[in-house]
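Right, one structure below, let's go through it.
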Amino acid sequence: SSGLVWFRRDLRSTDHAALHHALRQCQQVHCAFVFDTEILDPLPRADRRVEFIRESLVELDASLRELSGDAHGGLIACHGLARDELPALARQLGVQAVFANHDDEPQALERDEHVRSVLLALGIRLLTFKDHTVFERGEVLTQSGTPYTVFTPYKNAWLRKIDDFYLSAYPVEPRARRLAPRPEGLRRPVHSLNALGFEPTGLAQLRLPTGMQGAQQLLDDFLERIDAYDEARDFPAVKGPSYLSVHLRFGTLSIRQAARLAHERSARGSAGAATWLSELIWRDFYFQVLAHHPQIAGGASFKPAYDAIEWDSGAHADALFAAWCEGRTGYPLVDAAMAQINQTGYMHNRLRMVVASFLAKDLGVDWRRGERYFAEKLNDFDLSANNGGWQWASSSGCDAQPYFRIFNPVSQSRKFDPEGRFIRRYLPQLAKLPDAALHAPWLARPLELQAAGVTLGEDYPRPVVDHDEARQRTLARYAVVKKAD
Ligand code: FAD
């Protein structure tokens, strides 16, 4: 029998559930990736993620060819509407089954159901597997069989359930010789960015290594400092986190491999590894929230009462939103963070919390606008974690911070970037200000500003809102949900 593995957000050739099962069940296995125009068409023409995917596929293609031991082995890359292309390819190859890994985003589920029915009409089965999470969907439930909506009990249940079985790899190598040569006519190389209609984004200059090798490089580097993660992770100027999110997003790193390493080191007493494992559990947590509550993908607040909040709108709100996007709010930590996402596609977790809170609770702008902006800019954009993070910050989500807890952007700046190293890196125009003045330049003495060559309103904006006044407005705005909380 023969099968086709459909790669989507799992761009690796090791520890891969669908590939493993296909190799077990079929004598001949083909591999394909579709650059799906449904996803690509709305994107800006310079998109780091498209370049990341493309580079990673070039590596995947070479790796599959090597595993197959055949010069004509490798990946069949297609460009078109996946819901049409994939069944057409399966038919052309004459396979009996298509193997893929779960993707629980509503749009992906809808696409997969469509593909499943088209394939079925052709007499081909679509078989899908858990791969992208350690636990998914209804695997970790409360004692009464309902999904968790609070993280800590979810995490405790996750930790009680975890064992070697869930963390072990799905091996590919033992049966890799079943990887089939590509038929003539399908032996084209992975499309160039140009052929896909995209422009290069300079990933190499960003030092964002792609593919399985890139993931391994970042993982090796992180393992050197994982023990200090719990202490270092909150300071954006420090190399504390792993920077692996984009690799977990596109599956160039297996979540089982990451979680296994964290679990082992945590069991040996590493507080850093235990905290990092917790972050991986947050990832699973938000995936299961989305699976159980798909309405959040369409803009609904997790807590429906929060949909009654009236956000500012009109030209003033538009101007504030534009200032936020472009890093012109006059709050240096917020502006430096926005410069980071705009220049690199990455933003440190502490800063994601700060800028999300600032948009909703200082600027009074609907958090969904920020969510969309992040979705466009983040290399690691994942609907579940992004929505979870935004709803956490705006207090409308499951296990979110209470609405009356409002981050003070200046205190956050003093606490988490005390020497202003991060701010100075992204806002060089403020570099000469003394540490104490850097977090709130409008409070600096005129002489300090003069000595640093900063004229407020020219070199750097004055604050677009007053935090204390904004805080009062936010408490009034959120009064509509007070009773529901
Ligand atoms: P590390 O600190 O090394 O963490 C390891 C991994 O754990 C991450 O790679 C990620 O996969 C996972 N993780 C960490 N924190 C979280 C979290 N809070 N929720 C879910 N998973 C987590 N993460 C995304 O992967 N994609 C997003 O689109 C995204 N949007 C966010 C939006 C907001 C408003 C907020 C507050 C957080 C968001 N996060 C998102 C979570 C977190 O900020 C990033 O995962 C993290 O900053 C990525 O950097 P890292 O790989 O160096 O993380």
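Values below: every heavy atom of this structure, side chains too, minus hydrogens, waters and symmetry copies. Each ligand, and each atom within it, is numbered from 1 in the order the structure gives.
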Quiz prompt | Pair Tyr170 + His21: ring centers closer than 6.0 Å | solution = yes
Without placing hydrogens or testing angles, list every side-chain donor-acceptor pair under 3.5 Å for residues 421-429, not counting sequence neighbours.
unit_1, atom_1, unit_2, atom_2, d
Arg421, NH2, Ala237, O, 3.3
Arg424, NE, Ala431, O, 2.7
Arg424, NH1, Glu419, O, 2.5
Arg424, NH1, Asp435, OD1, 3.3
Arg424, NH2, Leu433, O, 2.5
Arg424, NH2, Asp435, OD1, 3.1

Quiz item: Under a strict 4.0 Å criterion on non-hydrogen atoms, which protein residues are in contact with ligand 1?
Solution: Tyr229, Pro241, Ser242, Tyr243, Leu244, Ser245, Leu248, Trp276, Glu279, Leu280, Trp282, Arg283, Tyr286, Tyr346, Met347, Asn349, Arg352, Met353, Ala356, Phe374, Leu378, Asp380, Phe381, Asp382, Ala385, Asn386, Gly389, Trp390
Quiz item: Among side-chain atoms of Arg54 and His191, is any donor-acceptor pair under 3.5 angstrom?
Solution: no
Quiz item: Just checking, is any N or O donor in the side chain of His102 or Arg8 under 3.5 Å from an acceptor N or O on the other one?
Solution: no
For residues 199-218, please give each side-chain donor-acceptor pair under 3.5 Å, one per line with the distance, not counting sequence neighbours.
unit_1, atom_1, unit_2, atom_2, d
Thr201, OG1, Glu51, OE1, 2.5
Gln216, OE1, Gln257, NE2, 3.4
Gln216, NE2, Asp220, OD1, 3.1

Quiz prompt | Pair listing, salt bridge (Lys or Arg N to Asp or Glu O under 4.0 Å) test, anchored in residues 292-302, at least two apart | solution = none
